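These numbers come from a predicted model, not from an experiment.
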Amino acid sequence: MPTVANTTVTWNDLVKLSPMLWFKGASAQAEKVRKGMDLWNLEPMSEFNADFSVIPRSGFSHTITENADYPEHLQNQGDTLSMAVQKRGVSYTITEDLMDGNKYRDIKLGMNDLGTSIIRGIALDMAHFLLSFGFSSSFTDRDGLTKSNGIVKGSEALYANTHTMEDGSTFDNLVGAVPLSEPNLRTGEDLSVDFLDENGFPVTWEGNILGTTLDKTNAHAAERLFSNLQQFQQDAAERNINVYKNMYRHVDLHYAATLASGKTDTTNKGKYWCALSSELLADAALYGLHTAPTPRGPFEDPFNGGMLWRSKARYDLGFGYAQIGFGSNSTT
């Protein structure tokens, strides 16, 4: 008599074990890409297409003469960000043949990958919005859909030569196509002095995050700049003090050096880099979560006798303003 693997007991065990396999895969992938995902402000949402307005973080108090009213603080509402809903999903079927053939290793890997793929998709979107396509106002994603990646008022790219504020004043946060180095980082910081808000007042910008791709040249440059052991500038004949020691936290963004499809970009995206403020990211880099990524199922497939599992996430991505930092679309 042949062994009967496809029994009610076995199916019931799979129903109990499958979500745990999904979570194991999702957790492992989330840990791998957490550094990049943590740059975004998680905003739980109860409605689709939520709007976010920019309120300037500036202005000054006034002198109040005796018996006079308190002056009203100017709240010049700026850009309004309408974030488009991202609905991402994937499915996996534990087929009857896998069960009959005792292919439990394949089933385990399939459920693991169902979890990892949904997390990879979110991390890919985040890297694309923040760096990969941060120098464009829009791009076509891996499913052929046009995604707006621009700052709304003038539809400028996140990193651009000109950002126009409500009062007509402008600022620049595009360093240019230059490699990561101390002089080029200093050029970006010089630009940050002129960051303006919607009232035309200077923005207090203090960068503490350096974002790059997984490119080793950038990683080595960051190590040389920010290592707590790097007391002196190695390339300076006068052995000048290294002013960037411990100044930035280096974050290498998985999937940043990719095409919209997620495949490796073999041209120049591997050299991109940006300097960011964690304080301003908390206000401006919005990840609006509608539906958390979770396994859904099982659903019986009447056509092949399989057990279908689905995984879905619904979320919004967008930036409220461009003063979060400056970027370089370097090619070397």
Give the minimum heavy-atom separation between [X] and [Y], together with the two atoms involved.
X    : Y    : answer
S328 : V175 : CB-CB, 4.3 Å
S18  : I94  : OG-CD1, 3.7 Å
I122 : P293 : CD1-CG, 4.1 Å
L196 : T170 : CD1-O, 3.6 Å
L259 : F133 : C-CZ, 4.3 Å

Output all residues satisfying side chain to side chain contact (heavy atoms under 4.5 Å, CB included) with T217, sequence neighbours left out; order by chain, then residue number.
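Per chain and number, T217 pairs via side chain to side chain contact (heavy atoms under 4.5 Å, CB included) with D215, K271.
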
Would you please name every residue forming a side-chain hydrogen bond (donor to acceptor under 3.5 Å, both in side chains) with S138, sequence neighbours left out?
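Checked S138 against side-chain hydrogen bond (donor to acceptor under 3.5 Å, both in side chains); zero matches.
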
Partners meeting side-chain hydrogen bond (donor to acceptor under 3.5 Å, both in side chains) with D265 (sequence neighbours left out):
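For D265, the residues satisfying side-chain hydrogen bond (donor to acceptor under 3.5 Å, both in side chains) (neighbours in sequence not counted) are T267.
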
Given side chains that start at C-beta, do those of [X] and [Y] come closer than 4.5 Å, heavy atoms only?
X    : Y    : answer
M37  : Y287 : no
L158 : F129 : no
L191 : N173 : no
L185 : W273 : yes
H163 : F195 : no
R296 : K312 : yes
L225 : E182 : yes
L114 : V90  : yes

Tell me, with the steps shown, if L130 and F319 meet side-chain contact (heavy atoms from CB on, under 4.5 Å).
CA-CA 9 Å; L130 181 61; F319 294 95; 3.7 Å; yes

Is there a side-chain contact (heavy atoms from CB on, under 4.5 Å) between E206 and S277 once you walk through the steps?
CA-CA 6 Å; E206 294 182 4; S277 164; 5.5 Å; no

Show the atom names and distances, to 0.1 Å, of all donor-acceptor pairs under 3.5 Å that link a side chain in residues 249-256 to residues at least two apart or in another chain.
| from | atom 1 | to | atom 2 | distance (Å) |
| --- | --- | --- | --- | --- |
| H250 | NE2 | T212 | OG1 | 2.8 |
| D252 | OD1 | K35 | NZ | 2.5 |
| Y255 | OH | Q29 | NE2 | 2.8 |

Could you give me the CA-CA distance, side-chain angles and deciding distance for R186 and E189, then say whether salt bridge (Lys or Arg N to Asp or Glu O under 4.0 Å) is met?
CA-CA 5 Å; R186 189 165 59 244; E189 291 182 332; over 6 Å; no

Candidate pair Q86 and D125, rule side-chain contact (heavy atoms from CB on, under 4.5 Å), full reasoning
CA-CA 9 Å; Q86 310 276 340; D125 284 343; 4.1 Å; yes

With sequence neighbours left out, what residues match F135 under ring-ring contact (aromatic ring centres under 6.0 Å, His included)?
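With neighbours one apart ignored, the set is Y159, Y272.
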
For W309, what residues pass the ring-ring contact (aromatic ring centres under 6.0 Å, His included) criterion, not counting sequence neighbours?
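With sequence neighbours excluded, W309 shows a ring-ring contact (aromatic ring centres under 6.0 Å, His included) to no residue whatsoever.
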
Does a donor on one side chain and an acceptor on the other come within less than 3.5 Å for T187 and D190?
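Note: T187 and D190 side chains miss the donor-acceptor criterion.
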
Short N-O contact, K87 and D143, less than 4.0 angstrom:
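Answer for the salt bridge query: no.
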
Between the main-chain N or O of L145 and the side-chain N or O of T140, is there a donor-acceptor pair closer than 3.5 Å?
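No; zero donor-acceptor contacts below 3.5 Å.
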
Sidechain-backbone polar pair: E156 side chain, T164 backbone, donor-acceptor under 3.5 Å
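Side chain of E156 to backbone of T164, a donor-acceptor pair under 3.5 Å: yes, one is there.
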
Between atom CG of D106 and atom CE of M111, what is the distance when rounded to the nearest 0.5 Å?
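Result: 14.0 Å between the selected atoms.
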
